[in-house]
Novice: 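The structure's right below; bear with me while I get my questions together.
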Amino acid sequence: MKRQLNTSGKTLTMALATVCALSVSPGLASAGAGHLRAHDVSSARTLQPGTLDVLGARREQKNPYEVINAAAARDPITVTPLRDNIYMFQGSGGNIGVLPTGGHGAFMVDAGVAVSRQKIEGALKKLGVTHVDNLVNTHWHFDHTDGNGWVHEDGATIIATPNTLHDLSSTIRVEEWSHTFTPVPAGARPTVTIPAERTLTAGGQPVRLRAYSPGHTNGDLSAYFTRANVLFTGDTYWNGLYPFIDWETGGSIDGMIRDADQNMASVNAATIVVPGHGPLGRRADLVQYRDMLVSIRNRVADLKHQGLSVEQTVAAKPTKPFDAKWGQGLIGPDLFTKLVYRGV
């Protein structure tokens, strides 16, 4: 079964997904070896835009919505080449994927924050890209979808899960961000939905899109460039950072652990893993992330089952052994403890 998507004179073939080999040639593996750590690709600051360690977030919990917007308005776009002409953009909310497809078009994973439009367009232009043919939303959060409107104006077809379409069309209050999100304009909403799994071809590259079970949100989607062996996980994976869990749209700590397991099963040692936030990773980093989630989940569950309130559990500092590595970014230890507590 196939369908053709026509956008700005370009076509994108959609087919039911088949099993794709996870291996990558030695040449491809070595080509990406120099781009595996954030400090390898930026000399601006010790901290990368993608880490979102800004405005003193490590000292006290700031409002994530305000932090992300301020960082997007301030930070430059950092461009990191991966493999097979695939790039990662950082500096506008979540990490962005870009594959130039010829004819000055591109296939894009997530659209960042709208205030970064000119900076993102400038980075695209340096890659020979003047418009985006197709855009994948890994989930509904604004730091990944706020740019949908201008990308669509440039002719892009927007692709996401049915739940992401629903969430972008709804009014949602995220209490931890003290912000109410209202429905986005019709042109900024996905028009192609993928409920389970589908493989596309973009610029000669097979791209497997696969939905997750509810974890970070109820509508997360990965994008795996199978030939290049590059996986974009969206916010199911935050490298070196405690993740946000969106309870308002079906997230949970147990779901995050299931999604971490799915990521681990999807990759091999040579895979370049692009998280929703943070520097590039490998499978070993996914394992450490999953182990952190499980350990903190069990520590918080033990305290809750002993009858401790959420405030008492936070005061017990169940994340303390992990805070030096994981607790220095957007989501602080206390907030992460509260998010875990709600689901155990």
Novice: Go through the side-chain N and O atoms of Thr226 and Arg208 and say whether any donor and acceptor fall under 3.5 Å apart.
Specialist: no

Novice: Under 3.5 Å, is there a donor on one side chain and an acceptor on the other for Thr145 and Asn148?
Specialist: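 No pair is found: no donor N or O on one side chain lies under 3.5 Å from an acceptor on the other.
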
Novice: Picking from His216, His277, His179, what satisfies ring-ring contact (aromatic ring centres under 6.0 Å, His included) with His141?
Specialist: His216

Novice: Is it the case that Thr271 and Asn268 place a side-chain donor and acceptor less than 3.5 Å from each other?
Specialist: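 Judged by distance alone, the side chains do pair up.
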
Novice: With a 3.5 Å cut-off and no angle check, do the side chains of Trp140 and Asp246 form a donor-acceptor pair?
Specialist: yes

Novice: Going through the checks in order, is the side-chain contact (heavy atoms from CB on, under 4.5 Å) test met by Val79 and Val98?
Specialist: CA-CA 10 Å; Val79 179; Val98 175; over 6 Å; no

Novice: Would you mind checking if Arg117 and Glu121 are paired as a salt bridge, meaning a charged N to carboxylate O distance below 4.0 Å?
Specialist: yes

Novice: Ignoring hydrogens and angles, state whether a donor on the side chain of Trp247 or Ser252 is under 3.5 Å from an acceptor on the partner side chain.
Specialist: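 Checked: Trp247/Ser252 side chains show no N/O donor-acceptor pair below 3.5 Å.
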
Novice: Walk me through it: do Leu231 and Val274 pass the test side-chain contact (heavy atoms from CB on, under 4.5 Å)?
Specialist: CA-CA 6 Å; Leu231 175 68; Val274 184; over 6 Å; no

Novice: Do His131 and Asp154 meet the criterion of a side-chain donor-acceptor pair at a distance under 3.5 Å?
Specialist: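 Absent: no donor and acceptor within the cut-off.
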
Novice: With a 4.0 Å cut-off on N to O distance, would you call Arg342 and Glu176 a salt bridge?
Specialist: yes

Novice: Please say yes or no: joined through hydrophobic side-chain contacts below 4.5 Å, possibly via intermediate residues, are Tyr212 and Ile245 part of one cluster?
Specialist: no

Novice: Sub-3.5 Å donor-acceptor pair from the side chain of Arg83 to the main-chain atoms of Ala228, do we have one?
Specialist: yes

Novice: Working note: Phe244 + Trp238, criterion ring pair (Phe, Tyr, Trp, His ring centres under 6.0 Å); need CA distance, chi angles, decisive distance, verdict.
Specialist: CA-CA 9 Å; Phe244 182 65; Trp238 297 45; 7.6 Å; no

Novice: Search all heavy atoms of Leu280 against all heavy atoms of Ile272 and return the closest pair with its distance.
Specialist: CD2-CG2, 4.1 Å

Novice: Side chains of Pro333 and Val314: closer than 4.5 Å at any heavy-atom pair?
Specialist: no

Novice: Report yes if some heavy atom in the side chain of Met108 is under 4.5 Å from a heavy atom in the side chain of Val136; otherwise report no.
Specialist: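 When only atoms from C-beta onward are counted, Val136 and Met108 do not touch, as no gap falls below 4.5 Å.
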
Novice: Say whether Asp235 and Thr138, considering side chains only, have a donor N or O and an acceptor N or O under 3.5 Å apart.
Specialist: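 Checked: Asp235/Thr138 side chains show no N/O donor-acceptor pair below 3.5 Å.
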
Novice: Check for a donor-acceptor pair, side chain of Asp84 on one end and backbone N or O of Ile86 on the other, with a separation under 3.5 Å.
Specialist: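 Looks like no, no N/O pair under 3.5 Å.
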
Novice: Using a distance-only test with no angle check, is there a side-chain donor-acceptor pair under 3.5 angstrom linking Tyr237 and Asp285?
Specialist: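 No.
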
Novice: Given side-chain contact (heavy atoms from CB on, under 4.5 Å), test Tyr87 with Leu127 step by step and report yes or no.
Specialist: CA-CA 10 Å; Tyr87 297 84; Leu127 299 179; 3.7 Å; yes

Novice: Verify whether the ring centers belonging to Tyr341 and Phe336 lie closer than 6.0 Å.
Specialist: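 That pair fails the under 6.0 Å test.
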
Novice: Indicate yes or no for a side-chain donor-acceptor contact from Thr236 to the backbone of Thr233 under 3.5 Å, with no hydrogens or angles considered.
Specialist: yes

Novice: Report the C-alpha distance between Phe181 and Phe142 in whole Å, list the side-chain angles of each, state the deciding distance to 0.1 Å, and finish with yes or no for ring pair (Phe, Tyr, Trp, His ring centres under 6.0 Å).
Specialist: CA-CA 9 Å; Phe181 294 90; Phe142 87 102; 5.8 Å; yes

Novice: Does NZ in Lys325 sit with more than 12 non-hydrogen atoms of other residues, nucleotides or ligands closer than 6.0 Å?
Specialist: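 Enclosed.
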
Novice: Do Asp167 and Ser170 meet the criterion of a side-chain donor-acceptor pair at a distance under 3.5 Å?
Specialist: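 Note: Asp167 and Ser170 side chains miss the donor-acceptor criterion.
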
Novice: After noting the C-alpha distance and the side-chain angles of Leu209 and Glu197, does the key distance pass the side-chain contact (heavy atoms from CB on, under 4.5 Å) rule?
Specialist: CA-CA 6 Å; Leu209 304 179; Glu197 185 174 327; over 6 Å; no

Novice: Among side-chain atoms of Gln61 and Asp334, is any donor-acceptor pair under 3.5 angstrom?
Specialist: no

Novice: Should Asp323 and Tyr242 be marked as a side chain to side chain donor-acceptor pair (under 3.5 Å) after you check the CA-CA gap, both sets of side-chain angles, and the distance that decides it?
Specialist: CA-CA 9 Å; Asp323 289 347; Tyr242 288 142; 2.7 Å; yes

Novice: Going by the side chain to side chain donor-acceptor pair (under 3.5 Å) test, name the single residue among Asn229, Thr199, Asn263 that passes it with Tyr224.
Specialist: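 When side chain to side chain donor-acceptor pair (under 3.5 Å) is applied between Tyr224 and each of Asn229, Thr199, Asn263, only Asn229 qualifies.
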
Novice: May I ask you to decide if the ring planes of Trp326 and Tyr289 are parallel, tilted or perpendicular, using 30° and 60° as cut-offs?
Specialist: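 Tilted: the ring planes of Trp326 and Tyr289 meet at 30° to 60°.
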
